**Student:** 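First, the structure itself, so that you have it in front of you.
Please read these numbers as outputs of a predicted model, since none were measured by experiment. Only heavy atoms go into these numbers, but all of them, side chains included; no hydrogens, no water, no symmetry mates. Order of the sequence lines sets the chain letters (A, B, ...), proteins ahead of strands, with each chain counted from 1.
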2 protein chains.
Amino acid sequence: MKKTTIYDIAKELNITAATVSRALNDNPRISEDTKKLVLATAKKLNYKQNKLALALKSGKSKNVGVVVPYINRNFFSTVIRGIEEELNPKGYNVIISQTHEEGKKEIDIVQNLLNAQVDGIIISASRQSKGNDHFKYVLSKNVPLIFFDRKKEIEGISSVTLDDAQGAYQATKHLIEQGCKHIAHMTIDLSLLIYQNRLAGYKQALADHGMEFNPDYVIALQSEIVAGKDAAKKLMGLPEPPDAIFSATDLGALGAIQYLREIGKKIPEDFCVVGFSNEPFTQFMELPISSVDQSPLLMGKTAAKVFLEQIESNDVKIEKNVVLSPSLEIRKSSQKTLG
Amino acid sequence: MKKTTIYDIAKELNITAATVSRALNDNPRISEDTKKLVLATAKKLNYKQNKLALALKSGKSKNVGVVVPYINRNFFSTVIRGIEEELNPKGYNVIISQTHEEGKKEIDIVQNLLNAQVDGIIISASRQSKGNDHFKYVLSKNVPLIFFDRKKEIEGISSVTLDDAQGAYQATKHLIEQGCKHIAHMTIDLSLLIYQNRLAGYKQALADHGMEFNPDYVIALQSEIVAGKDAAKKLMGLPEPPDAIFSATDLGALGAIQYLREIGKKIPEDFCVVGFSNEPFTQFMELPISSVDQSPLLMGKTAAKVFLEQIESNDVKIEKNVVLSPSLEIRKSSQKTLG
DNA sequence: TTGTAAGCGTTATCAC
DNA sequence: GTGATAACGCTTACAA
């Protein structure tokens, strides 16, 4: 079955394609009669607009590229869902790509999206992202670029991030208020801004409450449960072991909890733990884990809105940096006192 | 910065756009010299092929639509990841859309993807999918359509699914072998084929082992933990309560376990539970939950391969139905005996 | 080996 | 109010 074009409709009605186009676009200079006729035959011939032709002509593909490290991480897939829900009603499609945290892949993907004439790119930088040239290049092509969660400091590029420091501050403060005296911190990759900020928030909270910062209490791990267990073991082997852990990841928190229970620690009575990300599993556990929520759905929607603003204002270089506030979800793993 | 086209290169070299095009496409009839020259100036002018123009001309957009109920479900996002990993290296982009389980949205999305001239559609039918006309329509446009996981029986349409019955059979058989005498089954929506098949596998396993099927032991719930709890409560209130549950979802299994522990049941000693989907959280729990793995990554890759085959064979109507074998992951929640 | 010109399906700018 | 025509950027017969 051949695809019907506006020419087919034109031929059918003995008018010209231009008229058909105008009628379909509800151009006021077209008579109601012809409009009705065109619409009717369009339906009859099952006409569907070819978006590619429109895109080529207009220079707008109505596609937006979304780039994440991995798609099957709850945080990222939920951000994408937020973006989708905001952009689809406006007629945009979302093209997703994953970098697998590779810097090279990130460059390729951005280039590829540009070739595909996307109208914008919404991206969370990969862990090994190299340089900023590919990002600046996007701007030079007049294509809006918006960072979310993991940003890079580049002039003229907007971002939607979480106030990681504040989240860490809240978590640490909460632990202090629970009466914890020696709070350790598990982190991942301190070359990433988000983890630097979480560390900073942790430190700040300690300082604000007259507690000393102990470098031995900060331990970096790979985002895995096993690593969390090992780290907890290490911490508990210190001359003065901690009585609480604020982990920059939920899996780290989980691993720590597993180890602590193995050695007979009672949680939250003897030991408190707070994670970060509010992954779904944290609430499913028999011992639900307190965690800092990153509101990924809102982050996605916000990033999409920033994109739309840039498109509408027609100025790619407007830098807008939205910082979302985290919210601490207090659960059993850190709740000594009720209420 | 204006985008450079092959015309810009042509002008620069005082040749014609056609020659440039051929040179870039490594056409053997172009002299090595001009090729080199073209490539060099292409690089110099920072030329990037406009995929839209290519798509319009060739009729192939190099985009594939992937449609799922929700993207932020581990199963679906992992299938998408599989599709991506298979298709990206072949130069395809993946456009994702979510139906939110709505039949109407499914129709709109399919139509929209067709307008966008996708080269194929890979879809898991929405729960409330209405009719088959929109699917048949895709075929009539000569666009390959592939179902995964949730399929519809339509002649000429390929699918990649899991052998749900076999998975259910394995799970039930395993429970029987653990010595369970009264095995209940939690399901969700029996209007969906996958749940029908899981029920069938459960029944078959019972029959094959001389156990009677008791309709009171089958209970349908919404895919939520609370519902799982309630259902477990109901089951335990029966004159002859079960001593095992095979749940068609992991969340259902989790809810059941929570209730059972509340009333003091020892798992797996007194009661065994097996879930379905092998969601990540099942292994994180303090009491890891046995579950049937659906190998979503493989499912995605396989669906992508089937799509590629259809594209290459140039015949949309080749029906190929791949059925993947599930594998039961035995964990503590159902492991009375070791080994 | 390279140039010419048509065509993919739209929309926009002139005309009339 | 409608028609002709050019243009978006690329590929591809057909010529030369």
**Student:** Under the side chain to side chain donor-acceptor pair (under 3.5 Å) rule, collect the residues that match up with B/Gln117, sequence neighbours excluded.
**Tutor:**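 For B/Gln117 there are no side chain to side chain donor-acceptor pair (under 3.5 Å) partners, ignoring immediate neighbours.
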
**Student:** Please enumerate all residues that pass salt bridge (Lys or Arg N to Asp or Glu O under 4.0 Å) together with A/Asp149, with sequence neighbours excluded.
**Tutor:**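 Counting only residues at least two positions away or on another chain, A/Asp149 forms no salt bridge (Lys or Arg N to Asp or Glu O under 4.0 Å).
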
**Student:** Walk along nucleotides 9-16 of chain D from 5' to 3' and tag each nucleotide B, S or - by protein heavy-atom contact under 4.0 Å, base first, then sugar-phosphate.
**Tutor:** BBBBBB--

**Student:** Side chain to side chain contact (heavy atoms under 4.5 Å, CB included) with B/Arg73: which residues, sequence neighbours excluded?
**Tutor:**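 Here the qualifying residues are B/Tyr70, B/Phe76.
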
**Student:** Sequence neighbours left out, what passes salt bridge (Lys or Arg N to Asp or Glu O under 4.0 Å) with A/Asp108? Give chain and number order.
**Tutor:**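 Once residues adjacent in sequence are excluded, the partners of A/Asp108 under the salt bridge (Lys or Arg N to Asp or Glu O under 4.0 Å) criterion are A/Lys104.
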
**Student:** Using the test side chain to side chain contact (heavy atoms under 4.5 Å, CB included), find all partners of B/Ser191 that sit at least two apart in sequence or belong to another chain.
**Tutor:**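 For B/Ser191 the side chain to side chain contact (heavy atoms under 4.5 Å, CB included) partners, ignoring immediate neighbours, are B/Asp189.
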
**Student:** Sequence neighbours excluded, which residues qualify as side chain to side chain contact (heavy atoms under 4.5 Å, CB included) partners of B/Leu298?
**Tutor:**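 Listed in chain order: B/Ser295, B/Thr302, B/Leu324.
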
**Student:** Rounded to whole angstroms, how far apart are CD1 on A/Ile9 and P on D/dT2?
**Tutor:**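 Nearest whole value for this atom pair: 15 Å.
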
**Student:** For chain B and DNA chain C, what are the first and last nucleotides along the strand, 5' to 3', with at least one atom under 4.0 angstrom from a heavy atom of the protein chain?
**Tutor:**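 Answer, 5' to 3': C/dT1 to C/dG9.
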
**Student:** Using the salt bridge (Lys or Arg N to Asp or Glu O under 4.0 Å) criterion, which residues pair with A/Lys11? Sequence neighbours excluded.
**Tutor:**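 Counting only residues at least two positions away or on another chain, A/Lys11 forms no salt bridge (Lys or Arg N to Asp or Glu O under 4.0 Å).
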
**Student:** Checking all strands, does B/Ser31 fall into the base, sugar-phosphate, or nothing category for heavy-atom contacts under 4.0 angstrom?
**Tutor:**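 Sugar-phosphate only.
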
**Student:** Which residue pairs pass the salt bridge (charged side-chain N to carboxylate O under 4.0 Å, His left out) test with at least one member in residues 18-29 of chain A, sequence neighbours excluded?
**Tutor:**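 Sorted pair list: A/Asp26-A/Lys35.
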
**Student:** What's A/Thr34 touching, base or sugar-phosphate or nothing? Going by heavy atoms closer than 4.0 Å.
**Tutor:**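 Sugar-phosphate: the residue A/Thr34, judged by heavy atoms under 4.0 Å, touches backbone atoms but no base.
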
**Student:** Distance only, no hydrogens: is a donor on one side chain within 3.5 Å (strictly under) of an acceptor on the other, for B/Glu106 and B/Ser129?
**Tutor:**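 B/Ser129 and B/Glu106 do have a side-chain donor-acceptor pair below 3.5 Å.
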
**Student:** Listed by chain and number, what are the salt bridge (Lys or Arg N to Asp or Glu O under 4.0 Å) partners of A/Glu309, not counting sequence neighbours?
**Tutor:**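 Salt bridge (Lys or Arg N to Asp or Glu O under 4.0 Å) list for A/Glu309, sorted by chain: A/Lys320.
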
**Student:** Once you build an axis from the first five pairs and another from the last five of the helix from C/dT1-D/dA16 to C/dC16-D/dG1, how far apart in angle are they, to 10 degrees?
**Tutor:**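 Roughly 50° between the end axes, to the nearest 10°.
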
